[in-house]
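Comments concern the structure below.
All chains are named by letter (A, B, ...) in the order of the sequence lines, taking the proteins before the strands, and each is independently numbered beginning at 1. Computed from heavy atoms alone, side chains included, the values below leave out hydrogens, waters and symmetry copies.
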Amino acid sequence: MHLLPPQLASLIRAAVIAAQAAGDLPPFDLPAAIPVQPSSKPELGDYASPVALQLARLARRRPLEVAASIARHMPSAPFVAAAEVAPPGFLNIRLDESWLLAQIDAIIAAGDDAFALDIGRGKRAQVECVSANPTGPLTVGHTRNGVIGSTMANILAALGYAVEMEYYFNNAGRQMRILGQSLRARYWQALGLPAELPAEGYQGEYLVNVARQLVEAHGAALRDEPWERFKLEAERAMFAWIERSLALINIRFDTFFNENSLYEDGSVWRTLEALEARGHVYRALVREGAGEEERAKLPPDAKEAIWFRATTFGDEEDRVLVKSTGEPTYVLPDIAYHVNKLERGFDYLINVLGADHIVEAQTVARGLSALGYDPEPVHVVIYQFVTLIEGGEQRKMSTRRGEFVTQDDLVADVGADVVRYFILARSPNSHLEFDLDLARKHANENPVYYIQNAHVRCAGIFRQAAERGLTDDGADLTLLGERERAFVRKMLEMPEVLVQCYEELAPHKLAFYALDLARLFHPMYDEVRVLHGDVPADLARARLRLYGAARVVFKRLLTLLGMSAPEVM
RNA sequence: GUGCCUGUAGCUCAGCGGAUUAGAGCGCUUGCCUACGGAGCAAGAUGUCGGGGGUUCGAAUCCCUCCAGGCACGCCA
């Protein structure tokens, strides 16, 4: 598929060079990037470039003159009809109409692959997201993570990457032990035996349910099993739940990667040795350069920890890799994990993390550099926290205390598509405020339905057309009017939007684009009828063809957003 | 205290250097239900773009500063 702005930019670049060669513009070095964007003034052109405004200084000419010189030397291209100049110095480009109309057929021919790009062709990408430890059900915080991750994965696939989704988890730590102990206590209680949750135990009802199921399956046979057995049972139950929840909102993983495997195959310690061999590690009671106060805080029998000299790589302070107890911190296995990812040969990695993990991501990147890896393929999407409002009050969540709003509850209330869209229609940088009451109340007053309805309406036209025996065979697209052509121009922006989402790690742009396109669609639908008696047959065929392309594009958009594309509503 | 994110219409949010009218959804006002599913269409009201300085031909957008909120500053994960 064509990606217009870069192609137009290279035409402009060629025009500047030609103008210079002809003495129409003085010699100067061109900037690396030439801006081209869809025009904000459709009556002036389809795409616009302010390049002349920027070059005016280099050329020591007035912007309008520079723009005129560029316009005079624009090479011809099949998709360009004209390049015009407008004050204060814009270069406006109009697309060739017959090329434009031909794109309708190109979209229909591409079908589910419409606007597929080849940026990632032959390359492998991996998206790691959610990565919640199996201590409880998924909450809406995890949902934001997964929705962002899965949408980025879809976008990468549209760019031609072979994409894998991966879920990283830890089932070995203290939290999992407490989870096992908590389940054991619930199991005893379910048997009518006296038992209390451990001090920091998991208080949620969900473990009561798991315990009840264990009793149903095993009776009292597990009574004397150690907590480890219950940890396994809890983990199994939680993962089953988590996977089911994720499937409900269209998120599926290819791989569940256990942090523990990095210990089992020795890669955690190999990573430490490699860092040490490169001289980026030291053993000390406190970090190098620490003040006396820090040293004074240590107990007299303090032992040395193993430190990563992260300051070499721009960090403000060095980080502990191995505690004085001999146990690694989370940083070391995390570096080992990323080494593992790179060694698996992925060309492009995305890691979706909450705002509280920014430092972790930076430390991992520095660790990779220290090991001689280029961290460039590793991309981190940081999203700000989700705040839940219910009854006008902010709800503080805690998995351990059993205080949370599960994703399942939310999906049951408003539906999977609304949940996904609500999350996607925000920049990851925005602090998402989720008013549960409002979401429930307005579950049906939602842009989601507006977008989906565009697809429904297209499908409806084809249903009706089939009944009346109308087809778009031999459609003469030149009969289409200006409103229809404007819609086509907007459809053709989709590949640019996909590239923007990719380059800026900003999946929300696709959600906004889908709404924009729908806002162009519905007024057109109202005016540009296919099956009305007054519409001549040849015009009806042309319009039907257009709606065929619209249907393809809306389906494509909804699918990429992880939402359903219904035929009827 | 330091770093990162945020502050735009009543509410939730786009826009983050370019075209002197700043956008969308929801909500609100007024029309349109004998036309392909009205979960729609048409018209309308609503803004010191947090405050104040600066840079620029041009600033919601870049820089400085102040104010307000979130997150992070662990040998926790």
- [ ] Would you mind classifying the nucleic acid contact of A:A305 as base, sugar-phosphate or nothing, using non-hydrogen atoms under 4.0 angstrom?
- [x] base

Task: Dot-bracket encoding per residue of RNA chain B, Watson-Crick/G-U cut-off under 3.5 Å, | denoting interstrand - done: (((((((..((((....[....)))).(((((.......))))).....(((((..]....))))))))))))....

Open item on the list: For A:F422, give me all partners under ring pair (Phe, Tyr, Trp, His ring centres under 6.0 Å), at least two apart in sequence or on another chain.
Closed with: A:F434

- [ ] For RNA chain B, determine which residues of residues 320-335 of chain A have any heavy atom closer than 4.0 angstrom to one of its atoms, and list them numerically.
- [x] A:V320, A:K323, A:S324, A:T329, A:Y330

- [ ] Mind checking A:N170 for me? I need base, sugar-phosphate or nothing, with any heavy atom below 4.0 Å counting as a touch.
- [x] sugar-phosphate

- [ ] Please work out if A:H522 contacts a base, only the sugar-phosphate, or nothing of the nucleic acid, heavy-atom cut-off 4.0 Å.
- [x] sugar-phosphate

Open item on the list: According to ring pair (Phe, Tyr, Trp, His ring centres under 6.0 Å), does anything in residues 34-59 of chain A pair up with another residue at least two apart or in another chain? List the pairs.
Closed with: none

Open item on the list: Assess, by modelled atom type and distance only, whether the side chains of A:T311 and A:D318 contain a donor and an acceptor separated by less than 3.5 Å.
Closed with: yes

- [ ] Tell me, please, which residues at least two apart from A:F462 pass ring pair (Phe, Tyr, Trp, His ring centres under 6.0 Å).
- [x] none

Task: Residues which pass ring pair (Phe, Tyr, Trp, His ring centres under 6.0 Å) with A:F169, listed by chain and number, not counting sequence neighbours - done: A:F239

- [ ] For residues A:F257 and A:Y167, establish whether the separation of their ring centroids is below 6.0 Å.
- [x] no

TODO: Go through A:F313 and A:F308 one step at a time and tell me if the side chain to side chain contact (heavy atoms under 4.5 Å, CB included) criterion holds.
DONE: CA-CA 10 Å; A:F313 301 92; A:F308 167 42; 4.0 Å; yes

Open item on the list: Classify A:L432 by what it touches in the nucleic acid, base, sugar-phosphate, or nothing, heavy-atom distance under 4.0 Å.
Closed with: sugar-phosphate

- [ ] Check each residue of residues 416-429 of chain A for a non-hydrogen atom within less than 4.0 Å of any atom in RNA chain B, then write out the ones that pass by number, or none.
- [x] A:A425, A:R426, A:S427, A:N429

TODO: Please name all residues satisfying side-chain hydrogen bond (donor to acceptor under 3.5 Å, both in side chains) with A:T139, sequence neighbours left out, ordered by chain then number.
DONE: A:H142

Task: Exceeds 12 heavy-atom contacts within 6.0 angstrom, atom CZ of A:R483 - done: yes

Open item on the list: Any base atoms under 4.0 Å from A:L285, or only sugar-phosphate, or nothing? Heavy atoms, all strands.
Closed with: base

Open item on the list: Please classify the glycosidic conformation of B:rC33 as syn (within 90° of 0) or anti (everything else).
Closed with: syn

Task: Span of RNA chain B in contact with chain A (heavy atoms, under 4.0 Å) - done: B:rC4 to B:rA77

- [ ] Remember a base hit wins even if backbone is also touched, and classify A:R174 as base, sugar-phosphate or nothing at under 4.0 Å, heavy atoms.
- [x] nothing

- [ ] Mind checking A:V359 for me? I need base, sugar-phosphate or nothing, with any heavy atom below 4.0 Å counting as a touch.
- [x] sugar-phosphate

Open item on the list: Reading RNA chain B from 5' onward, which residue's closest nucleotide shows up sooner: A:D516 or A:E317?
Closed with: A:D516

Open item on the list: Just to be sure I understand the rule, does A:G460 reach a base, reach only the sugar-phosphate, or reach nothing, if contact means heavy atoms closer than 4.0 Å?
Closed with: sugar-phosphate

TODO: Using the test ring pair (Phe, Tyr, Trp, His ring centres under 6.0 Å), find all partners of A:Y450 that sit at least two apart in sequence or belong to another chain.
DONE: A:H522

Open item on the list: Using a heavy-atom cut-off of 4.0 Å across all strands, would you classify A:Q452 as base, sugar-phosphate, or nothing?
Closed with: nothing

Open item on the list: Classify A:H508 by what it touches in the nucleic acid, base, sugar-phosphate, or nothing, heavy-atom distance under 4.0 Å.
Closed with: sugar-phosphate

Open item on the list: Please classify the nucleic acid contact of A:F512 as base, sugar-phosphate, or nothing, using heavy-atom distances under 4.0 Å.
Closed with: sugar-phosphate

Open item on the list: Are more than 12 heavy atoms, taken from residues, nucleotides or ligands other than A:K231, located less than 6.0 Å from that residue's NZ atom?
Closed with: yes

Task: Pairs where residues 281-290 of chain A contributes a residue and the test salt bridge (Lys or Arg N to Asp or Glu O under 4.0 Å) is met, not counting sequence neighbours - done: A:E276-A:R283, A:R287-A:E294, A:R287-A:E317, A:E288-A:R309

Under 3.5 Å, which donor-acceptor pairs link side chains of residues 544-554 of chain A to any protein atom two or more places apart or in another chain?
| unit_1 | atom_1 | unit_2 | atom_2 | d |
| --- | --- | --- | --- | --- |
| A:R545 | NE | A:D472 | OD2 | 3.0 |
| A:R545 | NH1 | A:D105 | OD1 | 2.7 |
| A:R545 | NH2 | A:D472 | O | 2.8 |
| A:Y547 | OH | A:V528 | O | 2.8 |

